[in-house]
*Asks:* 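Take this structure, written in structure tokens, and hold onto it; I'll ask about it next.
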Amino acid sequence: MATLEDIGVSAFINIGFTFLFLLGFAFIRIQPWADRVYNTKWYIKGMRKSNNRGGVFQRFVNLDARSYVTFLNWMPEALRMSQADIIDHAGLDSAVYLRIYILGMKIFVPVTVAALLFLIPVNVSGGTLLSLKKEVVFTDIDKLSISNVSAGSQRFWIHLLMEYLFTFWACFILYKEYSNVAFMRLHFLATQQRRAEQFTVVVSNVPHVSGHSISESVDQFFQRNHPEHYLGHQAVYNANKFARLIRRKERLQNWLDYNQIKFEKHPDKRPTRMTGFLGLCGERVDAIDFYAEQIRDLDKRITAERQRVLKDSKAIMPVAFVTFDSRWAAAVCAQTQQSKDPTKWLTDWAPEPRDVYWRNLAIPFVSLSIRRLLMSISLFALVFFYMIPIAFVQSLANLEGLEKEASFLKPVIEIKVIKSFLQGFLPGLALKIFLYILPTVLMIMSKVEGHLSLSALERRTASKYYYFMLVNVFLGSIVTGTAFEQLYSFLHQSPTQIPRTIGVSIPMKATFFITFIMVDGWAGIASEILRLKPLIIFLLKNTFIVKTERDREKAMDPGSISIPETLPTLQLYFLLGLVYAVITPILLPFVLVFFAFAYFVYRHQVRNLLCL
């Protein structure tokens with residue numbers, strides 16, 4: 001069990017990494033070779049351009065001494081942009097995402113102050129743990145928790161009153177924030193131009209009617225059932241070959257642009273290439289003429305393939321996008337059953353074109369049901385499979401119970417540096433590593449389930465990830481951690497006393513969650529602003545792959561905030577803060593620091609790099 005000294009070691013390590021990441025970012029961001037990575041959004045908008053003036057050395061190293069004096073100016077810049085500017089710059093979703101961190105601060109600032117002023121003095125003066133010293137393993141930190149209050153004490157009225165106050169405050173702030181976000185959404189929709197997807201629904205599982213094509217069936221069905229509001233439809237075609245030809249043309253066009261740029265730089269020498277495999281063998285020809293001829297031939301094939309797809313009735317898939325003359329008509333169609341057979345003519349809101357996950361559009365209803373059943377079973381198995389590494393992590397966090405039953409480990413464990421590292425830093429880091437690949441696995445499972453849009457895939461993945469963190473990280477850590485902490489008591493006391501021992505021990509798990517918050521919520525957020533992985537990927541692509549400006553734009557694509565991972569993590573921090581606000585208030589300052597620091601970091605990321 002982590003002691004106050006172990007928490008101090010963990011805080012020292014994590015604060016050290018946090019400052020290291022922040023200083024590294026502040027230094028690297030002003031270097032010319034990293035400018036595109038840390039100011040991607042400004043390059044995409046055309047408001048920032050590469051500085052190609054000066055010598056070769058100046059293109060890679062910033063020689064402006066003044067920029068090193070003001071290398072921390074990104075901090076005030078992150079807070080300078082107003083909410084209206086953020087909406088115009090990065091979109092409504094990004095602004096609402098940042099408000100989640102503001103919501104956390106609004107809830108937990110008053111809660112933290114009240115808990116530290118009123119609950120900790122009550123808990124410290126309880127003295128119950130000293131009377132249970134032979135039965136329960138505890139540390140000085142645990143004396144600050146509700147476990148230190150004796151059973152039946154009148155002090156519990158204070159805890160009960162504070163719990164009601166905290167709950168009321170949280171619900172009140174949630175209500176106010178919901179009203180604000182709803183107003184922001186309505187205002188945003190009212191000020192934006194109308195978009196096609198607002199009047200469109202996607203219709204799947206269209207039944208095949210003998211003598212009619214899918215397109216004709218859709219047209220007749222909606223003219224009959226929605227004659228006053230139906231405008232038209234767009235059938236979905238199986239054009240996989242056509243898409244492959246388009247991608248091939250883009251690659252050839254890129255090579256053509258590259259060779260033309262190369263020729264413009266050196267007009268006295270035309271670029272050449274070999275016609276054989278990968279340009280490594282065969283006859284040497286003019287590269288510009290070669291790629292231009294390849295593109296002309298490919299254009300003919302693309303035109304022929306497009307005509308073939310349009311004429312082939314078998315290429316039409318049992319899916320269509322149906323457009324109405326009003327949002328109300330589209331909403332009615334999207335939210336009502338269209339046929340007596342509930343497995344046919346399924347309707348839903350149409351995602352915008354960039355959001356459509358095309359591979360899942362034509363999955364039959366029965367196949368969807370089977371897929372989702374199998375994925376539910378798989379998720380259940382995955383949750384309990386991860387209990388094994390979670391239990392291992394808890395064994396690192398709770399060494400005292402193991403020492404009593406495995407005394408041969410005591411000489412190694414009792415080494416001061418090793419013990420502080422094992423209990424104060426390693427458990428949170430190990431848990432972070434075990435959770436690293438989980439969002440990818442859950443996203444694959446969501447794709448198998450057959451959702452029609454990328455945003456729906458992200459929501460379902462986030463939902464799975466939250467349930468996973470609730471069961472494994474929260475409940476699993478408490479149950480397995482308590483078992484390891486009180487291992488001696490479990491083995492030597494009456495079974496009827498085990499629930500009492502667990503009840504006393506659960507508040508003590510706050511020490512593990514404190515270390516987890518420092519690893520994930522402090523150092524982890526600081527590493528987010530450094531973006532070391534995207535930086536390395538961009539430099540490798542820029543060195544070995546980039547040939548044209550189009551390649552460079554693709555290479556610096558920052559992606560978006562990982563909703564399937566960040567939202568469940570945020571929910572976990574809200575859960576930890578609200579659960580432990582009364583039983584172990586010392587955890588609240590760590591949660592509050594996370595919300596404030598993460599808000600600051602993600603304001604910068606939304607301003608310069610990322611969006612939703």
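Only a predicted model underlies this, so the values are computations on that prediction, with no experimental measurement involved.
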*Asks:* Should the heavy atoms of other residues, nucleotides or ligands under 6.0 Å from CZ of Phe597 be counted, would the total exceed 12?
*Replies:* yes

*Asks:* Within this structure, what is the CG-CZ distance for the pair Leu576 and Phe513, rounded to the nearest 0.5 Å?
*Replies:* 5.5 Å

*Asks:* In this structure, which one of Arg372, Arg371, Lys464 forms a side chain to side chain donor-acceptor pair (under 3.5 Å) with Glu449?
*Replies:* Lys464

*Asks:* If you apply the rule side-chain contact (heavy atoms from CB on, under 4.5 Å), what do you find for Val203 with Leu346, and how did you get there?
*Replies:* CA-CA 6 Å; Val203 183; Leu346 304 180; over 6 Å; no

*Asks:* Does Tyr573 have any side chain to side chain donor-acceptor pair (under 3.5 Å) partners at least two apart in sequence or in another chain, and if so, which?
*Replies:* Asp520

*Asks:* Going from CE on Met81 to CG on Asp88, what distance comes out if it is rounded to the nearest 0.5 angstrom?
*Replies:* 9.5 Å

*Asks:* Is there side-chain contact between Leu588 and Leu116, with at least one heavy-atom pair below 4.5 Å?
*Replies:* no

*Asks:* Taking the six-membered ring for Trp, are Phe166 and His159 ring centroids under 6.0 Å apart?
*Replies:* no

*Asks:* With side chains defined as the heavy atoms from C-beta onward, is the minimum distance between Ile86 and Arg607 less than 4.5 Å?
*Replies:* no

*Asks:* Mind checking the CG-CD1 spacing from Leu119 to Ile583? Nearest 0.5 Å is all I need.
*Replies:* 11.0 Å

*Asks:* Which value, rounded to the nearest 0.5 Å, describes the distance between Gln83 atom CD and Met184 atom CE?
*Replies:* 4.0 Å

*Asks:* Can you see which heavy atom on Ala510 is nearest to which on Leu587, and at what distance?
*Replies:* O-CD1, 3.8 Å

*Asks:* Decide yes or no for Leu103 and Leu174: does some side-chain heavy atom of the first lie under 4.5 Å from some side-chain heavy atom of the second?
*Replies:* yes

*Asks:* Evaluate the side-chain contact (heavy atoms from CB on, under 4.5 Å) criterion for residues Phe21 and Ile525: first the C-alpha distance (whole Å), next the side-chain angles of each, then the deciding distance (0.1 Å), finally the verdict.
*Replies:* CA-CA 9 Å; Phe21 288 141; Ile525 293 297; over 6 Å; no

*Asks:* Measuring from atom CD1 of Ile529 to atom CZ of Arg29, what distance do you get when rounded to the nearest 0.5 angstrom?
*Replies:* 8.5 Å

*Asks:* Is there side-chain contact between Phe188 and Asp93, with heavy atoms separated by less than 4.5 Å?
*Replies:* no

*Asks:* Taking the six-membered ring where the residue is Trp, are the ring centres of Phe590 and Trp522 under 6.0 Å apart?
*Replies:* yes

*Asks:* Does the pair Glu177 and Arg99 meet the rule for a salt bridge (charged side-chain N to carboxylate O under 4.0 Å, His left out), with working shown?
*Replies:* CA-CA 8 Å; Glu177 188 64 21; Arg99 289 195 66 88; 2.5 Å; yes

*Asks:* Is Tyr38 close to Leu530 at the side-chain level, that is, under 4.5 Å between some pair of heavy atoms?
*Replies:* yes

*Asks:* Taking the side chain as every heavy atom from C-beta outward, state whether Gln198 and Trp349 have any pair of such atoms under 4.5 Å apart.
*Replies:* no

*Asks:* Do Ile100 and Leu567 touch side chain to side chain, with heavy atoms closer than 4.5 Å?
*Replies:* yes

*Asks:* Under 6.0 Å between ring centres, would you say that holds for Tyr101 and Phe600?
*Replies:* no

*Asks:* Could you check if a side-chain atom of Val319 sits within less than 4.5 angstrom of a side-chain atom of Val202, using non-hydrogen atoms only?
*Replies:* yes

